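Note that the structure is a prediction, hence the values are computed from the model and not measured. Numbers here are sequence positions counted from 1.
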Amino acid sequence: MLDKKTAVTLKVLNALCEEETYKVIDYNSLIEKFPNKYKATKESLEQNLEYLKAGGYIDIKYAENDTYCLCVLPKGRITLEDSSRESKSAFRFNQMLVITTLASGIMAFLGAFLAVMLFK
């Protein structure tokens with residue numbers, strides 16, 4: 001399971017390496033792609049990259065002088081697809097939960113209102 005910053009790192013790398021080939025990326029262009037909320041320092045980025053490499057999510061050919069040659073492996077792409085699918089199903093579940101709760105509340109109110117009106 002990936003934490004949020006590592007998942008964002010994987011998502012950014014997946015966007016940069018779309019062709020499933022190795023791509024040379026420098027640190028500055030990589031950092032620009034991160035959302036402001038998850039901006040990473042060089043040390044934290046290197047830690048995330050090492051974690052992703054150790055987990056089999058990416059492969060790094062070399063990392064020298066703020067330049068990285070890397071590729072997102074199929075496990076990384078599958079992980080992103082699964083998390084996307086899970087977030088969509090969670091949104092759908094929450095949406096159905098709200099609709100069901102509102103419908104149940106309205107029906108309970110109408111039932112009670114009709115019962116009071118009929119037996120008055």
Side-chain angles (χ1 to χ4, degrees):
M1 191 70 172
L2 300 175
D3 65 340
K4 288 190 180 202
K5 285 189 176 186
T6 309
V8 168
T9 303
L10 183 60
K11 187 175 182 180
V12 168
L13 292 175
N14 190 43
L16 290 172
C17 302
E18 292 178 354
E19 298 92 28
E20 297 184 16
T21 60
Y22 285 91
K23 186 158 185 177
V24 177
I25 305 167
D26 67 337
Y27 171 76
N28 292 329
S29 65
L30 184 59
I31 283 297
E32 289 173 359
K33 303 293 182 185
F34 278 83
N36 289 332
K37 185 177 180 181
Y38 297 107
K39 287 290 182 187
T41 63
K42 185 175 181 188
E43 293 80 24
S44 66
L45 178 65
E46 287 179 358
Q47 288 175 350
N48 288 343
L49 291 176
E50 285 301 318
Y51 179 79
L52 290 171
K53 182 180 179 184
Y57 299 100
I58 64 171
D59 186 33
I60 301 174
K61 274 191 179 179
Y62 68 86
E64 300 173 342
N65 301 331
D66 296 340
T67 304
Y68 307 97
C69 180
L70 49 85
C71 174
V72 178
L73 298 175
K75 181 179 178 182
R77 294 188 190 281
I78 290 171
T79 302
L80 288 174
E81 290 171 4
D82 288 346
S83 66
S84 172
R85 192 174 308 123
E86 286 175 7
S87 67
K88 286 179 184 176
S89 66
F91 174 75
R92 182 77 175 148
F93 175 77
N94 289 337
Q95 188 179 28
M96 290 303 296
L97 181 66
V98 168
I99 290 171
T100 304
T101 303
L102 288 174
S104 298
I106 291 170
M107 292 302 149
F109 175 76
L110 287 175
F113 179 74
L114 288 175
V116 167
M117 294 305 282
L118 287 174
F119 296 114
K120 195 173 188 184

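Side chain of Lys23 to main chain of Leu16: a donor-acceptor pair is present (N/O by atom type, distance under 3.5 Å, no hydrogens or angles). Counting only distance, with no hydrogens or angles, the side chain of Ser29 and the backbone of Ile25 share no donor-acceptor pair below 3.5 Å. Checked by atom type and distance alone, the side chain of Tyr27 pairs as donor or acceptor with a backbone atom of Lys42 at under 3.5 Å. Of the possible polar contacts, one joining the Ser89 side chain to the Glu86 backbone as a donor-acceptor pair under 3.5 Å is found.
Between Leu49 atom CG and Leu30 atom CG the span is 7.0 Å, to the nearest 0.5 Å. Separation of atoms OG1 (Thr6) and CD (Gln47) is listed at 9.0 Å; rounding is to 0.5 Å. Rounding to the nearest 0.5 Å places OG1 of Thr67 at 6.5 Å from OH of Tyr62. Note that the CZ atom of Arg92 and the CG atom of Asn94 stand 11.5 Å from one another [nearest 0.5 Å]. Remark: Thr101 OG1 to Ile106 CD1 distance equals 11.0 Å, nearest 0.5 Å. Taking CG of Leu13 as the start and CG of Leu73 as the end, the distance is 11.0 Å to the nearest 0.5 Å.
Connection of Val72 to Ile31 is established within a shared hydrophobic cluster, with ILVMFWY side chains joined at heavy-atom distances below 4.5 Å, either directly or through further cluster members. Cluster annotation: Ile60 is connected to Tyr57 through the hydrophobic network of ILVMFWY side chains, with a link wherever side-chain heavy atoms come within less than 4.5 Å.
Tyr51 places none of its side-chain heavy atoms less than 4.5 Å from the side chain of Thr9. Taking 4.5 Å as the limit, every side-chain heavy atom of Leu52 sits out of range of all side-chain heavy atoms of Leu70.
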Task: Step-by-step side chain to side chain contact (heavy atoms under 4.5 Å, CB included) determination, Phe34 to Lys5 - done: CA-CA 10 Å; Phe34 278 83; Lys5 285 189 176 186; over 6 Å; no
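The local environment of CG in Asp82 is crowded, with over 12 non-hydrogen atoms from other residues, nucleotides or ligands closer than 6.0 Å.
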